[in-house]
Amino acid sequence: MSLLPSTYVVDIADSVGETVRLAGWVYHKTEKGKLVFIQLRDGTGVIQCVVFKKNVSEDVFERAKQLTQESSLYVTGTVRADERSALGFEIDVSDIEVVDLANEYPITPKEHGTQFLMEHRHLWVRSSKQHALLRIRAEVIAAAQEYLNSEHFVRYDTPLLTATAAEGTTNLFATDYFDLGKAYLAQTGQLYVESGMSTFGRVYCFGPTFRAEKSKTRRHLTEFWMIEPEVAFADQDDNMELQENFVAYIVQRVLDRCGEALKVLERDTASLEQVVPPFPRMSYDEAVERIQQAVREGVTVPPEDQPLPSIEWGEDFGAPHETFLASLNQKPVFIYNYPTVVKAFYMQPAEGRPEVVRCADLLAPEGYGEIIGGSQRIHDPQLLEQRIREHGLNLEDYQWYVDLRRYGTVPHAGFGMGIERCTAWIAGTHHIRETIPFPRQLYRLYP
């Protein structure tokens with residue numbers, strides 16, 4: 001006999017009046033005289049299974065009473081519609097087969113501290129909130145790839161071990177690489193994915209990236225996942241339009257398919273329903289002026305109503321600045337054309353303003369910060385070589401990258417979206433560490 005169940009909780013409505021065999025784990029159990037109520041979790045949902053003593057053998061009833069939280073089992077019974085049930089259906093149990101009687105489960109309904117829960121992350125992911133967050137994450141990933149695939153993009157995988165830095169050398173994880181010296185965990189796949197752009201026209205890479213920043217904020221991880229499209233024959237405006245459609249598609253797909261998960265998280269979806277193109281756009285110049293004006297007016301920003309820090313033209317924005325700028329709109333907002341000195345070497349200068357590059361950060365509402373960074377890339381080989389030198393990088397290390405401009409160069413643009421930040425915003429969760437199964441942070445490498 002197959003070990004697979006005959007159906008899953010998510011499909012239970014198709015089996016009303018029928019006998020089914022479910023497989024899963026005990027999420028919760030209560031006893032009331034001759035009744036045992038089992039909340040069975042199978043990964044697709046949770047359903048109540050009712051064991052009535054008069055309907056089962058003594059052995060089956062005794063097995064039901066002995067079940068502990070997270071015990072694994074098969075339940076056989078008849079599907080019954082029940083309006084009192086949160087799901088709308090229940091199982092009248094006829095048989096129980098225990099696969100494993102679990103030890104005393106360390107995570108109970110009582111309050112646990114974050115440190116304890118993170119040390120038990122391998123078990124915490126089974127809880128309803130974490131399950132909902134990770135289901136939304138999976139939908140964000142699926143939606144992102146399916147949208148790009150439908151727009152003629154080709155997935156083009158890039159290496160995690162690289163010989164050079166893409167965005168500066170101060171936040172890299174280094175390792176010895178046989179007799180060839182140092183290798184680095186990739187900060188981004190962008191440089192390599194540009195070679196695919198010259199091959200297929202429209203490409204994207206998707207995978208983990210690594211930043212060795214000693215940051216402990218709720219927005220940062222040292223290992224996170226990015227999806228990075230790159231488009232030939234495209235400029236800054238084309239790039240932002242693609243991002244608008246891309247993000248709007250992802251949000252609407254999550255609203256359509258993850259309604260129950262959003263309810264578990266008590267997410268107010270009204271703001272998400274407004275995420276449709278076009279998105280507002282604000283130049284860096286205007287953004288600095290708006291911040292400076294707000295500072296003069298004594299504006300404060302969440303989460304603790306701290307005073308908005310001042311900023312001068314040429315400085316990069318911090319989290320409070322991004323929170324303030326995003327609060328000016330209901331939708332995500334583009335801040336475009338940042339100073340050259342705060343951005344990467346490969347970004348195209350704005351025409352007539354070499355002190356500014358043609359880039360944009362997409363800031364999510366509600367204080368979630370930058371979810372996308374993108375730019376038009378330098379397509380002139382001489383200018384690219386100049387910028388590499390100006391950044392103090394070894395030109396020899398980047399000859400292959402400059403080569404892409406020597407053989408059929410074209411204007412092109414691309415961006416990178418962090419899966420975890422996007423998920424945190426859509427799900428409405430406070431800390432990014434809960435949007436990835438096993439977060440890697442400054443003081444977190446276990447489990």
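Here the structure is a predicted model, which means the values were calculated and not measured. Values reported hereafter were calculated over all heavy atoms of this structure, with side chains retained and with hydrogens, waters and symmetry mates removed. This chain uses plain numbering: 1 for the first residue, then up along the sequence.
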Checking the side chain of [X] only, and the main-chain atoms of [Y] only, is there a donor and an acceptor separated by less than 3.5 Å?
X	Y	result
Tyr443	Lys216	no
Gln292	Ile311	yes
Arg358	Asp235	no
Thr68	Leu101	no
Thr44	Val10	yes
Arg421	Glu370	yes
His412	His379	no
Tyr105	Leu123	yes
Thr429	Ala424	no
Ser375	Arg377	no

Side-chain contact test, heavy atoms from C-beta onward, threshold under 4.5 Å: evaluate it for [X] versus [Y] and give yes or no.
X	Y	result
His112	His120	no
Ser327	Pro365	no
Thr340	Pro349	no
Phe415	Leu242	yes
Leu362	Phe246	no
Val98	Leu67	yes
Leu191	Leu404	no
Val140	Met417	yes

Verify the ring-centre separation between Phe116 and Trp124: is it less than 6.0 angstrom? no

Verify whether the ring centers belonging to Tyr284 and Phe317 lie closer than 6.0 Å. yes

Apply salt bridge (Lys or Arg N to Asp or Glu O under 4.0 Å) to residues Glu244 and Lys331 and explain how you reach the verdict. CA-CA 10 Å; Glu244 289 174 333; Lys331 299 180 184 181; over 6 Å; no

Closest approach of [X] to [Y] (non-hydrogen atoms, all atoms of both residues):
X	Y	value
Lys29	Val26	CB-CG1, 4.1 Å
Ile426	Leu272	O-CD1, 3.4 Å
Arg121	Ile436	NH2-O, 2.9 Å
Ala364	Ile371	CB-CG2, 3.9 Å
Lys343	His391	O-NE2, 3.5 Å
Leu265	Ala427	CD1-CB, 3.8 Å

Gap between atom [atom2] of [Y] and atom [atom1] of [X] - 0.5 Å precision:
X	Y	atom1	atom2	answer
Phe173	Leu185	CZ	CG	7.0 Å
Gln48	Thr30	CD	OG1	7.0 Å
Leu363	Asn329	CG	CG	9.5 Å
Thr114	Glu119	OG1	CD	11.0 Å
Ser15	Phe89	OG	CZ	9.5 Å
Asp268	Leu262	CG	CG	10.5 Å

When you look at Ile12 and Leu22, which way does the side chain to side chain contact (heavy atoms under 4.5 Å, CB included) test go after all the steps? CA-CA 10 Å; Ile12 207 69; Leu22 297 174; 4.3 Å; yes

Verify the neighbour count for atom [atom1] of [X]: are there more than 12 heavy atoms of other residues, nucleotides or ligands below 6.0 Å?
X	atom1	result
Glu396	CD	no
Glu297	CD	yes
Glu97	CD	yes
Gln274	CD	yes

Contacts table for residues 252-261: side-chain donor-acceptor under 3.5 angstrom, sequence neighbours left out:
| from | atom 1 | to | atom 2 | distance (Å) |
| --- | --- | --- | --- | --- |
| Arg253 | NE | Glu139 | OE2 | 2.5 |
| Arg253 | NH1 | Glu146 | OE1 | 2.8 |
| Arg253 | NH1 | Tyr249 | OH | 3.4 |
| Arg253 | NH2 | Glu139 | OE2 | 3.0 |
| Arg253 | NH2 | Glu146 | OE1 | 3.3 |
| Arg253 | NH2 | Glu146 | OE2 | 3.4 |

Is the NZ or CZ atom of Arg21 positioned over Tyr74's six-membered ring, under 6.0 angstrom from the centre and within 45° of the axis? yes

Is it true that the NZ or CZ of Arg202 lies under 6.0 Å from the centre of Phe233's six-membered ring and within 45 degrees of the ring axis? no

Looking at Asp361, Asp285, Asp316, which one forms a side-chain hydrogen bond (donor to acceptor under 3.5 Å, both in side chains) with Tyr338? Asp361

Under 3.5 Å, is there a donor-acceptor pair between the [X] and [Y] side chains?
X	Y	value
Asn239	Gln376	no
Tyr346	Glu194	no
Asn149	Tyr204	yes
Glu434	Gln130	yes

Would [X] and [Y] pass as an ion pair if we require N to O under 4.0 Å?
X	Y	value
Arg41	Glu70	yes
Glu420	Arg433	no
Glu366	Arg267	yes

Checking side chain to side chain contact (heavy atoms under 4.5 Å, CB included) for the pair Phe210/Asn171: CA distance, chi angles, key distance, verdict? CA-CA 9 Å; Phe210 307 86; Asn171 57 352; over 6 Å; no

Apply side chain to side chain contact (heavy atoms under 4.5 Å, CB included) to residues Ser283 and Asn337 and explain how you reach the verdict. CA-CA 6 Å; Ser283 70; Asn337 287 13; 5.5 Å; no

Could you walk me through whether Val46 and Leu87 pass side chain to side chain contact (heavy atoms under 4.5 Å, CB included), step by step? CA-CA 8 Å; Val46 178; Leu87 186 64; over 6 Å; no

